[in-house]
Amino acid sequence: MNTKEALEIANNIFFNIFGQDNPFSLDEILSEFAFDVRLPQRVLDSITGEETWASSISSARYITQENMRKFDEKNGWLLPKKKIKNLKQILDIWKLTNYTTTQRVYECINVSESDPMYTSENVYRSTDCRKCKNIIFTDGCADCQNVIACQRSSTSNFGLRIADSSECLNSYNVICSSKISNSYFIQDCNNLYECIFCSHIANKKYCIANMQFEKEEYMMIKKEIVKWILSSNNF
């Protein structure tokens, strides 16, 4: 997926969550919303020198999954047996094949700058996700669609900064919660609809900072909060 496609997906996600157009570039989304998400890092293929992306950057030598496959078809990775004199010799021989594979993609469509990724579609700069679609800057999610900067979450749609949560919809900044929809800044909650700045409550709607509001006054306050989120992001 190229950057234009990724930004189009991001624009759609922002509009669904906030009801307003996305004012941020991809780089701004990365720095403002995904600053603490574990993401693949840029490295170089040790054989070709081309740019690639790896979830682990502790290795000294890298090879893309595609280049690893091509090398196997052309040369094979098995080495001829040699008489071993000492441990140093074994370690030196090991260096001939010891490359960390990057951009590992399995049964996926339209994936870029990601490693590893499983049975997913339309993925940009993400890692360790399964059965996901339209995801950006995301780590460790499953069965999610249209999410940005989400971590360790599942079965969510149109989410921004969802962490350790499930069954979230049209929501922003949700932590350790379930069944959250149309809500922002939620922690340790269950079954909330149209709530903001709430923690440790369940089965509520139109609450702000754990206080109950009427729908009309809630919506008025929500407009100001959305304006604040999309203008400054100084939390």
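This is a predicted model, so every value here is computed, not measured.
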*Kindly indicate whether the side chain of L7, heavy atoms from C-beta on, has any atom under 4.5 Å from the side chain of N22.*
yes
*Evaluate the side-chain proximity of L30 to F35: yes if any heavy-atom separation is below 4.5 Å, no if none is.*
no
_When you compare the side chain of W53 with that of T102, does any pair of heavy atoms fall below 4.5 Å?_
no
*asked:* Applying side chain to side chain contact (heavy atoms under 4.5 Å, CB included) to F14 and I148, what does each step give before you reach the verdict?
replied: CA-CA 9 Å; F14 269 79; I148 301 173; 4.0 Å; yes
*With a cut-off of 6.0 Å (strictly less than), are more than 12 heavy atoms of other residues, nucleotides or ligands near CG of L44?*
yes
*Does E194 have any salt bridge (Lys or Arg N to Asp or Glu O under 4.0 Å) partners at least two apart in sequence or in another chain, and if so, which?*
K222
*How would you list all residue pairs meeting side chain to side chain donor-acceptor pair (under 3.5 Å) that involve residues 73-87, not counting sequence neighbours?*
R69-E73
*Are M211 and F197 connected in the hydrophobic side-chain network, where two residues link if heavy atoms are under 4.5 Å apart?*
yes
*Give a yes or no on whether L91 atom CG has more than 12 heavy-atom contacts from other residues, nucleotides or ligands under 6.0 Å away.*
yes
*Find the distance between OG (S183) and CD1 (I196) and round it off to the nearest 0.5 Å.*
7.5 Å
*Minimum side-chain heavy-atom gap M1-V111 below 4.5 Å*: no
*asked:* Checking side-chain polar atoms at under 3.5 Å, does T138 have a donor or acceptor matched by the opposite partner on S126?
replied: no
_Could you check whether any side-chain heavy atom of I136 comes within less than 4.5 Å of a side-chain heavy atom of I9, counting everything from C-beta outward?_
yes
*Residue among I13, I135, N134 satisfying side chain to side chain contact (heavy atoms under 4.5 Å, CB included) with V147*: I135
*Please name all residues satisfying salt bridge (Lys or Arg N to Asp or Glu O under 4.0 Å) with E50, sequence neighbours left out, ordered by chain then number.*
none
*Flag yes if more than 12 heavy atoms outside E28 fall under 6.0 Å of its CD atom; otherwise flag no.*
yes
_S114 and V123, any side-chain heavy atoms less than 4.5 Å apart_ = yes
*Could you give all pairs that pass the ring pair (Phe, Tyr, Trp, His ring centres under 6.0 Å) test and reach residues 126-152, with sequence neighbours left out?*
Y124-F137
_Taking side chain to side chain contact (heavy atoms under 4.5 Å, CB included) as the definition, give me every residue that meets it alongside K131, ordered by chain and number, with sequence neighbours left out._
T119, D143
*For side chain to side chain donor-acceptor pair (under 3.5 Å), just list the numbers for Q103 and T64, CA-CA rounded to whole Å, side-chain angles, deciding distance to a tenth of an Å, and then say yes or no.*
CA-CA 6 Å; Q103 290 186 231; T64 68; over 6 Å; no
_For E51, give me all partners under salt bridge (Lys or Arg N to Asp or Glu O under 4.0 Å), at least two apart in sequence or on another chain._
R42
_Sequence-distant partners of Y206, ring pair (Phe, Tyr, Trp, His ring centres under 6.0 Å), two or more places apart_ = Y218
*Can you name the residues that form a ring pair (Phe, Tyr, Trp, His ring centres under 6.0 Å) with Y184, not counting sequence neighbours?*
F18
*State which residues pass side chain to side chain contact (heavy atoms under 4.5 Å, CB included) with S177; sequence neighbours excluded, sorted by chain then number.*
S165, V174, I180, I186, C189
*If only atom types and distance count, is the side chain of D128 paired as donor or acceptor with the main-chain N or O of C141 below 3.5 Å?*
no
_Chi angles and distances behind the side chain to side chain contact (heavy atoms under 4.5 Å, CB included) call for L230, F24_ = CA-CA 8 Å; L230 298 183; F24 304 105; 4.1 Å; yes
*Is a donor on one side and an acceptor on the other found under 3.5 Å between the side chain of E113 and the backbone of N2?*
no
*Residues two or more places apart in sequence or in another chain: which of them pass side chain to side chain contact (heavy atoms under 4.5 Å, CB included) with I221?*
I208, F213, I225
*Count the heavy atoms of every other residue, nucleotide or ligand shown that sit under 6.0 Å from CE of M220, and state whether that count exceeds 12.*
no
*For F33, is the NZ or CZ atom of R161 found under 6.0 angstrom from the centre of its six-membered ring and inside 45 degrees of the ring axis?*
no
*side chain to side chain contact (heavy atoms under 4.5 Å, CB included) against V37, all qualifying residues, sequence neighbours excluded*: A34, L39, D139, A149, Q151
*In terms of ring plane angle, is the pair F185 and Y172 parallel, tilted or perpendicular, where the classes change at 30° and 60°?*
perpendicular
*ring pair (Phe, Tyr, Trp, His ring centres under 6.0 Å) against Y106, all qualifying residues, sequence neighbours excluded*: Y118
*S59 side-chain N/O to I57 backbone N/O, donor-acceptor pair under 3.5 Å*: no
*Considering the options R125, Q41, Q65, R104, which one meets the side chain to side chain contact (heavy atoms under 4.5 Å, CB included) requirement together with D115?*
R104
*N11 vs D21 side-chain heavy atoms within contact, under 4.5 Å*: no
